[in-house]
Amino acid sequence: MLILAPMQGLTELLFRRVFHRCYPGAFDYAVSPFLSITHGNLRDAGKKVEDVLPEFNSDSIPVVPQLLGHEADGFVDLANRLNDLGYSELNWNMGCPMRRVAAKHRGSGILPYPDEVRGILDSVVPRLKATLSVKVRLGYLSPDEIDAIIPILNDYPLSSVTVHPRTGKQMYSGQVNLDKFAEILPEIKHKVIYNGDVCSVYDYRKIRLKFPQVKDVMIGRGALYNPLLPTMIRAEMPEDFASEGPHKISDSLSSQTFINALINDILELDISNQAKIRKIKEYWCLLSKSIPGTEENKRKVLHASDLDAILRLISEMTK
Ligand SMILES: Cc1cc2nc3c(=O)[nH]c(=O)nc-3n(C[C@H](O)[C@H](O)[C@H](O)COP(=O)(O)O)c2cc1C
């Protein structure tokens with residue numbers, strides 16, 4: 001399976017809907033950007049929870065909501081409300097590297113504390129109506145922290161363990177630690193999903209060849225550097241993906257078309273022009289890598305401050 005990674009501010013509902021419209025079936029499912037368990041009250045939680053409300057997700061990539069936090073009662077409360085909405089799987093974020101999150105033993109900040117991980121799973125799992133999957137890093141400070149976490153994860157009925165083989169301290173840069181991933185893979189008794197730096201068909205093939213037992217790959221930034229990537233992977237690997245409809249590159253919409261569709265949907269949002277500009281620029285930083293044009297011209301979009309000027313520059317490059 002190919003899974004779209006959760007990326008706060010990027011792979012949110014708007015992106016997933018446009019992606020689904022342009023490349024239906026390219027991703028099997030997405031994990032949502034995290035919902036903090038402080039958003040437990042669905043009715044009052046506002047925008048954050050809207051991201052996974054089924055009424056907005058029916059024409060989108062199927063989504064597994066992700067929860068961030070370590071307070072068991074709040075976790076169960078939000079998880080069971082999401083289950084009532086129809087979600088049969090929920091994902092626990094044990095990977096977020098942001099300092100203000102990790103400092104409170106949330107995200108990857110919980111990985112140095114195996115007793116806390118066990119305490120939460122002990123309290124949460126028996127009370128959940130949905131199944132739980134987790135997304136982890138190798139550790140917060142050290143890649144060996146995972147060694148004490150795996151036997152704990154093995155004690156609970158998790159539907160999958162997604163591993164991003166970096167530490168929290170590494171954030172999103174530096175090498176992925178494939179040696180450590182190889183070391184821990186046989187120790188994990190659950191289905192393992194690989195995640196990290198798959199930005200081309202070559203990267204994908206490298207992971208599948210090196211770890212043939214790993215059948216599922218989660219892709220984040222690669223899908224923004226090149227929105228055609230999951231389609232290209234499916235076209236290259238027909239024996240793995242026999243089921244879903246045509247996945248030929250020639251049948252697929254171009255990145256230019258995708259970028260224009262995404263921008264059109266941003267322009268329709270009920271937000272200020274400044275907020276639209278911020279959003280367009282955030283996506284442009286990543287998506288502009290997928291189209292021809294000089295870096296200098298692409299940078300002009302980031303330097304412009306007027307919405308009409310930005311749209312004019314982009315439309316010239318995405319004709
Ligand atoms: C801007 C940004 C936001 C992210 N937000 C989340 C998140 O909400 N939950 C999560 O589990 N991971 C989050 N991640 C991590 C990604 O899901 C993924 O693990 C990471 O980008 C490595 O995969 P990639 O190399 O395919 O992008 C985020 C990453 C970035 C760059």
Side-chain angles (χ1 to χ4, degrees), residues 1-16 19 26-27 29-39 47-49 51-52 61 63-70 78 89-102 106-111 132-140 146 158 160-178 181 192-204 206-208 214 216-227 229-230 232-233 278-279 281-287 289-290:
M1 287 214 205
L2 289 179
I3 301 140
L4 176 63
M7 294 175 80
Q8 202 66 239
L10 293 170
T11 60
E12 56 194 27
L13 178 62
L14 176 132
F15 178 89
R16 301 195 304 268
F19 207 97
F27 279 113
Y29 68 94
V31 174
S32 80
F34 68 76
L35 301 169
S36 175
I37 58 170
T38 52
H39 296 102
K47 286 284 165 213
K48 273 290 218 168
V49 172
D51 194 82
V52 298
I61 305 173
V63 70
V64 170
Q66 185 187 64
L67 277 59
L68 173 84
H70 63 169
L78 178 56
E89 181 185 337
L90 301 164
N91 185 267
W92 183 26
N93 179 323
M94 298 170 75
C96 181
M98 282 188 290
R99 197 180 301 209
R100 68 185 158 80
V101 169
R106 304 159 104 212
S108 65
I110 199 166
L111 295 171
L132 190 67
S133 56
V134 299
K135 181 164 177 280
V136 291
R137 290 190 178 228
L138 297 176
Y140 182 60
I146 193 77
L158 306 176
S160 64
V161 176
T162 300
V163 181
H164 176 201
R166 285 193 169 93
T167 60
K169 275 288 172 204
Q170 275 183 281
M171 300 294 288
Y172 298 105
S173 56
Q175 294 286 312
V176 280
N177 190 339
L178 293 184
F181 182 74
V192 173
I193 299 171
Y194 174 83
N195 166 241
D197 292 8
V198 173
C199 297
S200 65
V201 175
Y202 172 82
D203 295 336
Y204 172 84
K206 197 176 73 182
I207 293 298
R208 291 292 311 272
V214 175
D216 303 312
V217 175
M218 177 183 274
I219 299 176
R221 291 165 295 180
L224 283 117
Y225 298 148
N226 175 13
L229 179 59
M232 290 166 71
I233 290 172
R278 262 199 310 278
K279 249 187 186 318
K281 286 185 177 179
E282 270 162 24
Y283 282 116
W284 180 253
C285 285
L286 301 162
L287 283 167
K289 293 186 195 303
S290 66

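Whatever order the structure lists them in is the order used to number ligands and atoms, beginning at 1.
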Can you confirm, on distance only, whether ligand 1 has an N/O atom lying under 3.5 Å from any N/O atom belonging to Ser32?
no

Regarding Arg166 and Asp197, does a basic nitrogen lie under 4.0 Å from an acidic carboxylate oxygen?
yes

Going by heavy-atom distance to atom 29 (C) of ligand 1, choose the closest among Tyr172, Tyr225, Tyr194.
Tyr172

Where ligand 1 meets Pro33 - atom numbers and elements under 4.0 angstrom, heavy-atom basis
8 (O)

Under a heavy-atom criterion of less than 4.0 Å, does Gly9 contact ligand 1?
no

Is there a donor-acceptor contact under 3.5 Å from the side chain of Ser160 to the main chain of Val192?
no

Looking only at protein heavy atoms, what sits closest to atom 31 (C) of ligand 1 is Met7 CE, 3.7 Å

Is any N or O atom of Leu10, backbone or side chain, closer than 3.5 Å to an N or O atom of ligand 1?
no

Who gets closest to atom 14 (N) of ligand 1 by heavy atom: Pro6, Ser108, Ser36, Ala5?
Pro6

Can you tell me if Arg106 uses its side chain to pair, donor with acceptor, with the backbone of Gly69 under 3.5 Å?
no

closest protein heavy atom to atom 5 (N) of ligand 1 is Gln8 N, 2.9 Å

Thr167 side chain vs Leu138 backbone, donor-acceptor pair below 3.5 Å:
no

closest protein heavy atom to atom 26 (O) of ligand 1 is Gly220 N, 2.8 Å

Which of the atoms of ligand 1 are close to Asn93, meaning less than 4.0 Å from one of its heavy atoms?
9 (N), 10 (C), 11 (O)

Checking the side chain of Asp203 only, and the main-chain atoms of Ser200 only, is there a donor and an acceptor separated by less than 3.5 Å?
yes

Any atoms of ligand 1 less than 4.0 Å from a non-hydrogen atom of Asp197? List them with their elements.
24 (P), 25 (O), 26 (O)

Could you tell me whether Lys135 and ligand 1 have an N or O pair separated by under 3.5 Å?
yes

Test side chain to side chain contact (heavy atoms under 4.5 Å, CB included) on Val176 and Phe181 and set out the steps.
CA-CA 9 Å; Val176 280; Phe181 182 74; over 6 Å; no

Are any of the N or O atoms of Ile219 closer than 3.5 Å to those of ligand 1?
no

Will you find, in the side chains of Asn226 and Ser290, an N or O donor that is under 3.5 Å from an N or O acceptor?
no

Do side-chain atoms of Arg16 reach the backbone of Thr11 as a donor and acceptor pair under 3.5 angstrom?
yes

closest protein heavy atom to atom 9 (N) of ligand 1 is Gln66 OE1, 2.8 Å

Donor-acceptor pair, side chain of Tyr194 and main chain of Gly196, under 3.5 angstrom
yes

Using 30° and 60° as the class boundaries, would you call the ring planes of Phe27 and Phe19 parallel, tilted or perpendicular?
tilted

Is the contact between Asn195 and ligand 1 made by the side chain, the backbone, both, or neither, using heavy atoms and a 4.0 Å cut-off?
side chain

